[in-house]
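Quick note on labels: first sequence line is chain A, next is B, and so on, each numbered from 1.
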Amino acid sequence: RKEVEQDPGPFNVPEGATVAFNCTYSNSASQSFFWYRQDCRKEPKLLMSVYSSGNEDGRFTAQLNRASQYISLLIRDSKLSDSATYLCVVDNQAGTALIFGKGTTLSVSS
Amino acid sequence: DAGITQSPRHKVTETGTPVTLRCHQTENHRYMYWYRQDPGHGLRLIHYSYGVKDTDKGEVSDGYSVSRSKTEDFLLTLESATSSQTSVYFCAISEDSGQGNYGYTFGSGTRLTVV
């Protein structure tokens, strides 16, 4: 099982749609979880941390299920500007660095 | 307000030549990282540093070395560049090692082409 797995997509959705991304991770001892956003030919940028209780930031909601080793990101009311690649990120087994999934590509159209 | 800068932004070099990429931060963060990003592989950790002169290997460290003589600078050296090292290289900084909630801040990347 790969350390962090994501559906690569692409997800093609119209403006206003709700879209959900899923991610699984292999290290049951992981303690830190994030979603990053990466625009084409740009650096990754932190979108949000993911907490066990779930957390929301505007139109974005992140959930963590430790028992299933599963992380999700929900985007409501999609905007054209949400078009990007979304990276699922967890800390490595040694707790020394972050491991990045390969990303899920989202394309929002008008 | 970029607290992390990478140089050069682009470089083309010949096979067999040494290449050094520089990452400079103004945030005084303890932790610094070098990743490479390739299609189909995502971001992979090359080396990281947890303090001045304290470095360790990541999952794809072969052919690379690093140095950190000052808190603000983390250098990545390709000892003898090969075509397989053509990639986009990202430096990242963090307040903690990863087991926290700070995450990383990335530099803008260096696009390296080895011909």
| task | Indicate, with yes or no, if the rings of B:Tyr35 and A:Phe100 have centres closer together than 6.0 Å. | result |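 Close enough - the centres of the two rings lie under 6.0 Å apart.
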
Where on [X] is there a heavy atom nearer than 4.5 Å to chain A: the side chain, the backbone, both, or neither?
X: B:Arg111; answer: side chain
X: B:Glu59; answer: neither
X: B:Leu45; answer: side chain

| request: Go through B:Ser108, B:Pro39, B:Ala92 and name the one with the most non-hydrogen pairs under 4.5 angstrom from chain A. | output: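 Highest number of heavy-atom pairs under 4.5 Å: B:Ser108.
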
Connected via hydrophobic side-chain network under 4.5 Å: [X] and [Y]:
X: B:Leu76; Y: B:Val60; result: yes
X: A:Trp35; Y: A:Phe60; result: yes
X: B:Phe106; Y: B:Val88; result: yes
X: A:Val19; Y: A:Leu73; result: yes

| request: Looking only at non-hydrogen atoms, find the nearest pair between B:Phe90 and A:Lys42 and report the distance. | output: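 Smallest heavy-atom distance, with atoms named: CZ-O, 3.7 Å.
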
| query | At their closest point, which heavy atom of B:Leu43 faces which heavy atom of A:Pro44, and how far apart are they? | reply |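 Closest pair (atom of B:Leu43, atom of A:Pro44, distance): CD1-CG, 3.7 Å.
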
| query | Which of these, B:Tyr50, B:Tyr33, B:Tyr48, B:Tyr31, sits in a side chain to side chain contact (heavy atoms under 4.5 Å, CB included) with A:Thr96? | reply |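 The side chain to side chain contact (heavy atoms under 4.5 Å, CB included) with A:Thr96 is passed solely by B:Tyr48 among B:Tyr50, B:Tyr33, B:Tyr48, B:Tyr31.
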
| said: Keeping B:Tyr104 on the side-chain end and A:Leu46 on the backbone end, is there a donor-acceptor pair under 3.5 Å? | reply: no

